[in-house]
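Each chain gets a letter, A, B and so on, in the order the sequences are listed, and its residues count up from 1. Here the structure is a predicted model, which means the values were calculated and not measured.
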Protein chains: 2
Amino acid sequence: MNNKINTKENLIETAAKLFETKGYYGTGLNEILAESGAPKGSLYYHFPKGKEQLALEAIYSEGKKIKSNVQTHLQNIEHPIEAIVSIIESIAAVIDSDEKSEDMTISLIALETYLTSDILRNACLEIYTSLENLYSEKLIKSGMNKENAIKLGCVISEMIEGGIVYSLVKKSGNPLRLIAEQMPKLLII
Amino acid sequence: MNNKINTKENLIETAAKLFETKGYYGTGLNEILAESGAPKGSLYYHFPKGKEQLALEAIYSEGKKIKSNVQTHLQNIEHPIEAIVSIIESIAAVIDSDEKSEDMTISLIALETYLTSDILRNACLEIYTSLENLYSEKLIKSGMNKENAIKLGCVISEMIEGGIVYSLVKKSGNPLRLIAEQMPKLLII
DNA sequence: GTCTATAATGAGATAGAC
DNA sequence: GTCTATCTCATTATAGAC
């Protein structure tokens, strides 16, 4: 892989993974340094403003991956319902597997910071909005009227987010699959 | 109010509020002690096992309040869709107000602890399951077949949870209201 | 760009007096 | 049941050498 090529990227990737799974307040900088294998002196060189700055870049990095996954499915599958169902199934499959559940959600860090850091809250908000837009655009392309598509883009994002929370806590992809099952009722064009 | 009547209850209530809004790892025991006004020496007397034990009781306390709010609406409003919409509206209204958004969700602490504490994860899971059951039972009473009702009970809970996350991050009850708007499409009996 | 050392603070937790 | 004092540890962050 592209390991060690870039210390800064390396730190961001590791931080993103840890913040996503263990939380912003639940993850220490030492832990990030240790797990990334990045040189110990380098953190405050690359991120002079400290933890919050690192988290900001980590959130954007996570957001990119999440958006990219959604985008891929929406592009490859023509029918919007099928595409959305396949997105949900791909997330459910990760949760059912033994892998660490990464690149799925920023909700933990969003909930942790929405009251304590406007910088991080806004970063999360931006990602949520992007996701909504991806869904809305797909629906519009499929012939749905704009007003409805915008509303449903938001609703779909919210449902998937709620489904992820339930699936993680229940350690099963099934709560997400129940969400997928309801999509046809919702997306009547 | 019933202030100071019971130090232990007082600690649990304050902890519940802080854990819910600032998170388990984001809230220190000192902060709980200070805000509760409880005697400083009393924490480890009432909760010998420390923070996790306090959190466990705080989660159950929060869960009781959340369930009670849902139950009240479901009992007072006969039509299931109207009842669920009014639950969602009540949450949206709190988020739109200037009050601290309490007694709405345990998702933050659920996401923080699902990997690090099976005790707390199970407590959250229990609350989620109770909420699902409340919705399912209402749907069954309204004539829906059992299988569908069970599935939709879960889906409704998930949707509301996702809606709360979005509404908190966006500092607006509207994402939740979009969820409410879709309920009629979903709950066809 | 990276290293080591360390400051400064706050965390969770414990012991023993009262 | 509560108080005070304290322990230990981890945290974020900084300073200065290389």
Side-chain angles (χ1 to χ4, degrees), chain A residues 2-59 108-109 112-113 115-121 123, chain B residues 2-59 108-109 112-113 115-121 123:
Chain A
N2 57 353
N3 219 354
K4 293 293 171 55
I5 288 179
N6 188 331
T7 299
K8 189 173 180 181
E9 276 308 312
N10 193 0
L11 276 169
I12 293 173
E13 292 300 308
T14 308
K17 190 181 72 175
L18 288 170
F19 286 153
E20 185 188 346
T21 51
K22 306 187 55 180
Y24 180 70
Y25 293 111
T27 305
L29 294 181
N30 293 341
E31 199 177 350
I32 297 168
L33 254 346
E35 179 146 337
S36 74
K40 295 198 178 186
S42 60
L43 202 153
Y44 281 92
Y45 171 79
H46 292 294
F47 308 95
K49 290 186 192 163
K51 193 179 189 181
E52 191 177 45
Q53 186 185 1
L54 175 56
L56 183 64
E57 303 219 35
I59 290 171
L108 170 50
I109 191 166
E112 276 183 296
T113 60
L115 278 176
T116 47
S117 165
D118 260 340
I119 292 177
L120 301 183
R121 181 185 139 264
Chain B
N2 57 351
N3 219 355
K4 295 290 171 60
I5 288 179
N6 188 331
T7 299
K8 188 173 181 183
E9 276 308 313
N10 193 1
L11 277 169
I12 293 173
E13 292 300 307
T14 309
K17 190 180 74 177
L18 288 171
F19 287 152
E20 185 187 348
T21 52
K22 307 187 57 181
Y24 180 70
Y25 293 111
T27 304
L29 294 180
N30 292 340
E31 199 178 349
I32 296 168
L33 254 346
E35 179 146 336
S36 73
K40 295 199 178 185
S42 60
L43 203 154
Y44 280 91
Y45 171 78
H46 292 294
F47 308 95
K49 289 186 191 161
K51 194 180 188 180
E52 192 177 44
Q53 186 185 1
L54 175 56
L56 183 64
E57 303 220 33
I59 290 171
L108 170 50
I109 191 166
E112 275 183 298
T113 60
L115 278 177
T116 48
S117 165
D118 260 340
I119 292 178
L120 300 183
R121 180 185 141 263

Taking the side chain of A:Pro39 as its heavy atoms from C-beta onward, which of C:dC3, C:dG1, D:dG1 lies nearest to it?
C:dC3
Taken in chain and number order and not counting sequence neighbours, the residues that satisfy side chain to side chain contact (heavy atoms under 4.5 Å, CB included) with B:Asn30 are none
Roughly how many Å is it from CG in B:Leu43 to P in C:dA13, rounded to a whole number?
9 Å
Determine whether a donor-acceptor pair (N or O, by modelled atom type, separation under 3.5 Å) exists between the side chain of B:Glu112 and the backbone of B:Tyr25.
yes
Gap between atoms CD and C1', on A:Glu52 and D:dT11 respectively (whole Å)
16 Å
With a cut-off of 3.5 Å and sequence neighbours excluded, list every side-chain donor-acceptor pair involving residues 41-54 of chain B.
{"residue": "B:Ser42", "atom": "OG", "partner": "B:Pro39", "partner atom": "O", "Å": "2.5"}
{"residue": "B:Lys51", "atom": "NZ", "partner": "B:Tyr24", "partner atom": "O", "Å": "2.8"}
{"residue": "B:Lys51", "atom": "NZ", "partner": "B:Thr27", "partner atom": "O", "Å": "2.9"}
{"residue": "B:Glu52", "atom": "OE2", "partner": "B:Ser117", "partner atom": "OG", "Å": "2.6"}
{"residue": "B:Gln53", "atom": "OE1", "partner": "B:Lys49", "partner atom": "N", "Å": "2.8"}

Rounded interatomic separation in angstrom, taking CG from A:Asn6 and C1' from C:dG1:
12 Å
Side-chain contact, heavy-atom cut-off 4.5 Å: B:Leu33 with B:Leu11?
yes
Residues pairing under salt bridge (Lys or Arg N to Asp or Glu O under 4.0 Å) where one sits in residues 20-45 of chain A, two or more places apart or in two chains, turn out to be A:Lys17-A:Glu35, A:Lys22-A:Glu31
Rounded to whole Å, how long is the line connecting atom CG of B:Leu33 with atom P of D:dG1?
16 Å
Does C:dG1 have its OP1 or OP2 closer than 4.0 Å to a side-chain nitrogen or oxygen of A:Thr7?
no
Sub-4.5 Å side-chain heavy-atom contact between A:Phe19 and A:Ile32:
yes
Give each protein N/O atom lying under 3.5 Å from an N/O atom of nucleotides 6-11 of chain C, with the pair distance.
{"residue": "C:dA11", "atom": "OP2", "partner": "B:Asn30", "partner atom": "ND2", "Å": "2.6"}

For A:Glu57, what residues pass the side chain to side chain donor-acceptor pair (under 3.5 Å) criterion, not counting sequence neighbours?
none
Does B:Tyr45 place a side-chain N or O at less than 4.0 Å from the phosphate oxygens OP1/OP2 of D:dT2?
no
Whole angstroms only, please: what is the OH-P distance between A:Tyr25 and D:dT12?
11 Å
Distances for protein N/O vs nucleotides 14-18 of chain D N/O pairs under 3.5 angstrom?
none

Does B:Glu9 have any salt bridge (charged side-chain N to carboxylate O under 4.0 Å, His left out) partners at least two apart in sequence or in another chain, and if so, which?
none
Tell me: NZ of B:Lys49 to P of C:dG12, nearest whole Å?
18 Å
Rounding to an integer number of Å, can you tell me how far A:His46 NE2 sits from C:dC3 C1'?
13 Å
Could you tell me how far apart A:Lys40 (NZ) and D:dT12 (C1') are, to the nearest whole angstrom?
15 Å
Taking all non-hydrogen atoms of both residues, which atom of B:Thr21 and which atom of B:Leu108 are closest, and how far apart?
O-CD2, 3.8 Å
